[in-house]
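First the proteins, then the strands, lettered A, B, ... as listed; each starts at 1. Computed from a predicted structure; not experimentally measured.
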Amino acid sequence: MTTIKIKPPEIFNYEECLWFLDRGFDDCLHQINKNTITKALKIQNNLFLVSIRYEGTLLSIQILQGNPSAKEGELIKSYISQWFDLYTDLEKFYKIANKDPVLKPLIKKYWGLRLIGIEDLFEALCWAIIGQQINLSFAYKTKRALVENYGRTIEHNGTSHYLFPTPDTLSNCSVEALKKLQFSRNKAQYLISLAKDFRDGIISKDQLMALDSKENMLTRLTNLKGVGAWTANYAMMKCLKIPTAFPIQDVGLHNALKQQLGLKEKPTLESIQQLAKNWKNWEGYATLYLWRSLV
DNA sequence: CGCCAGGCTTAGG
DNA sequence: CCTAAGCATGGC
């Protein structure tokens with residue numbers, strides 16, 4: 001069996017990353033057993049099942065199914081590294097966070113937490129759309145229904161491991177079929193329309209990564225039906241890894257700030273913009289650590 | 001007639 | 001340009 005080792009940067013806490021993957025919600029796209037993460041991946045159109053553990057000072061990736069070539073092994077390594085956002089220099093974030101009264105206690109408490117990404121842009125946007133304006137438990141429930149109905153699976157030791165449905169598959173769904181999975185008519189239409197846009201190459205991660213500014217990305221993303229400022233920033237944060245992506249309208253962010261600052265009401269957008277001046281160039285990580293503070 | 005959830009679009013001022 | 005209504009359902 002193939003095993004791949006990854007040496008994480010100095011600022012890294014596996015337990016904190018694990019927390020984000022296992023924070024009480026029922027995510028169907030990975031499984032956690034004690035300290036081991038199991039996840040199905042598609043690399044260059046081949047499916048692999050991997051398990052991830054932290055041993056000593058290394059991330060240890062075992063390939064449970066699939067037989068990766070040398071190149072595919074490298075791609076898996078790269079995928080996992082990006083999934084855990086290991087390439088970001090958190091030292092810089094901690095330096096500015098240390099001067100900020102809101103973030104200072106959080107970076108101490110949650111030291112080593114990294115942004116667990118959603119590497120596939122289609123999946124990231126679908127997930128953001130699914131989660132709009134509903135509670136997270138219900139969002140995970142409907143995501144599971146979607147994935148179990150339309151995603152590919154890898155069977156291993158009697159357990160099914162799912163991949164997120166492809167644009168091709170979802171573009172052939174009917175609104176009525178998705179409504180049966182408890183999506184609203186609007187969301188069903190957004191998801192199908194998004195799937196068609198990806199299928200037809202109107203949008204892709206590569207296209208966006210080739211753009212030179214966050215503003216251009218935002219425009220391209222918000223031109224998609226169902227994608228507003230919050231969804232676009234969420235996707236830029238979780239998938240495109242833009243450090244300045246900032247879902248400032250996020251309810252969770254508002255609640256976290258209210259709690260951290262001891263406010264009676266949720267902060268206004270203007271007051272958040274004021275606070276965020278201290279977070280310049282690290283708005284995404286500031287948001288992540290504030291989300292983390294919500295118990 | 002309960003209000004808020006990791007919002008967005010469209011219609012109407 | 002700005003505001004309001006509608007969307008669907010679950011949890012508290």
Side-chain angles (χ1 to χ4, degrees), chain A residues 19-29 106 110 113 115-118 121-147 149 164 173-197 203 217-242 245-260 263-270 272 275-276 279 283-295:
Chain A
W19 169 84
F20 207 86
L21 289 165
D22 194 25
R23 53 188 172 136
F25 296 111
D26 176 36
D27 196 324
C28 54
L29 295 177
L106 301 183
Y110 310 122
L113 170 66
L115 175 64
I116 306 298
I118 302 174
L121 181 62
F122 178 61
E123 179 191 327
L125 287 170
C126 286
W127 172 232
I129 289 171
I130 291 169
Q132 287 168 6
Q133 184 57 21
I134 56 174
N135 65 72
L136 275 180
S137 304
F138 184 55
Y140 277 102
K141 184 183 165 193
T142 51
K143 172 173 137 180
R144 175 175 286 279
L146 185 73
V147 168
N149 274 277
F164 195 79
C173 286
S174 69
V175 170
E176 294 310 316
L178 294 191
K179 269 174 67 73
K180 290 200 178 97
L181 306 181
Q182 294 185 285
F183 290 102
S184 67
R185 174 165 297 277
N186 282 346
K187 284 192 184 180
Q189 283 170 345
Y190 299 156
L191 293 175
I192 294 166
S193 145
L194 188 67
K196 289 179 178 169
D197 288 342
I203 187 87
M217 283 185 185
L218 186 69
T219 305
R220 287 292 302 275
L221 286 167
T222 50
N223 278 340
L224 303 165
K225 285 294 170 214
V227 178
W230 176 85
T231 304
N233 274 282
Y234 181 87
M236 287 195 285
M237 179 179 161
K238 294 277 283 186
C239 181
L240 303 166
K241 313 291 171 72
I242 309 296
F246 190 25
I248 192 169
Q249 308 85 347
D250 184 82
V251 174
L253 176 70
H254 300 174
N255 286 331
L257 283 171
K258 179 182 165 189
Q259 209 173 89
Q260 292 301 312
L263 306 175
K264 286 182 181 167
E265 303 294 332
K266 286 194 257 188
T268 62
L269 288 183
E270 292 73 24
I272 300 174
L275 293 167
W279 313 338
E283 290 85 349
Y285 260 94
T287 302
L288 173 67
Y289 275 68
L290 281 158
W291 281 343
R292 175 65 181 91
S293 73
L294 288 168
V295 183

Q. Is any side-chain N or O of N186(A) closer than 4.0 Å to OP1 or OP2 of dG7(B)?
A. no
Q: Look at all strands and tell whether L224(A) reaches a base, only sugar-phosphate, or nothing, counting heavy atoms closer than 4.0 Å.
A: sugar-phosphate
Q) Is the distance from OP1 or OP2 of dG10(C) to the nearest side-chain N or O of K141(A) less than 4.0 Å? A) yes
Q.
Checking contacts here: which listed nucleotide (dT9(B), dG7(B), dC7(C)) is nearest the side-chain heavy atoms of Y190(A)?
A. dT9(B)
Q | Spacing between L294(A) atom CG and dG6(B) atom C1', to the nearest angstrom | A | 10 Å
Q: Scan A128(A) against the nucleic acid and name what it touches under 4.0 Å (heavy atoms): base, sugar-phosphate only, or nothing.
A: nothing
Q: Using only heavy-atom distances, determine whether the side chains of W127(A) and Y234(A) contain a donor-acceptor pair under 3.5 Å.
A: yes
Q: Establish, with yes or no, whether the OP1 or OP2 oxygen of dG10(C) is under 4.0 angstrom from a side-chain nitrogen or oxygen of Q182(A).
A: yes
Q | Candidates dC7(C), dA5(B), dG7(B) - which lies nearest the side chain of N135(A) | A | dA5(B)
Q. Would you say dT9(C) has OP1 or OP2 under 4.0 Å from some side-chain N or O of T142(A)?
A. no
Q: Could you tell me whether F183(A) contacts a base, only the sugar-phosphate backbone, or nothing, with contacts defined as non-hydrogen atoms closer than 4.0 Å?
A: nothing
Q: Check whether any side-chain N or O of K266(A) sits under 4.0 Å from OP1 or OP2 of dA5(B), and answer yes or no.
A: yes
Q. Is the shortest side-chain N/O distance from K187(A) to OP1 or OP2 of dG7(B) below 4.0 Å?
A. no
Q) Between F246(A) and M236(A), is a side-chain contact (heavy atoms from CB on, under 4.5 Å) present by the stated rule, with each step listed? A) CA-CA 8 Å; F246(A) 190 25; M236(A) 287 195 285; over 6 Å; no
Q. Rounded to whole angstroms, how far apart are CE on M236(A) and P on dG6(B)?
A. 21 Å
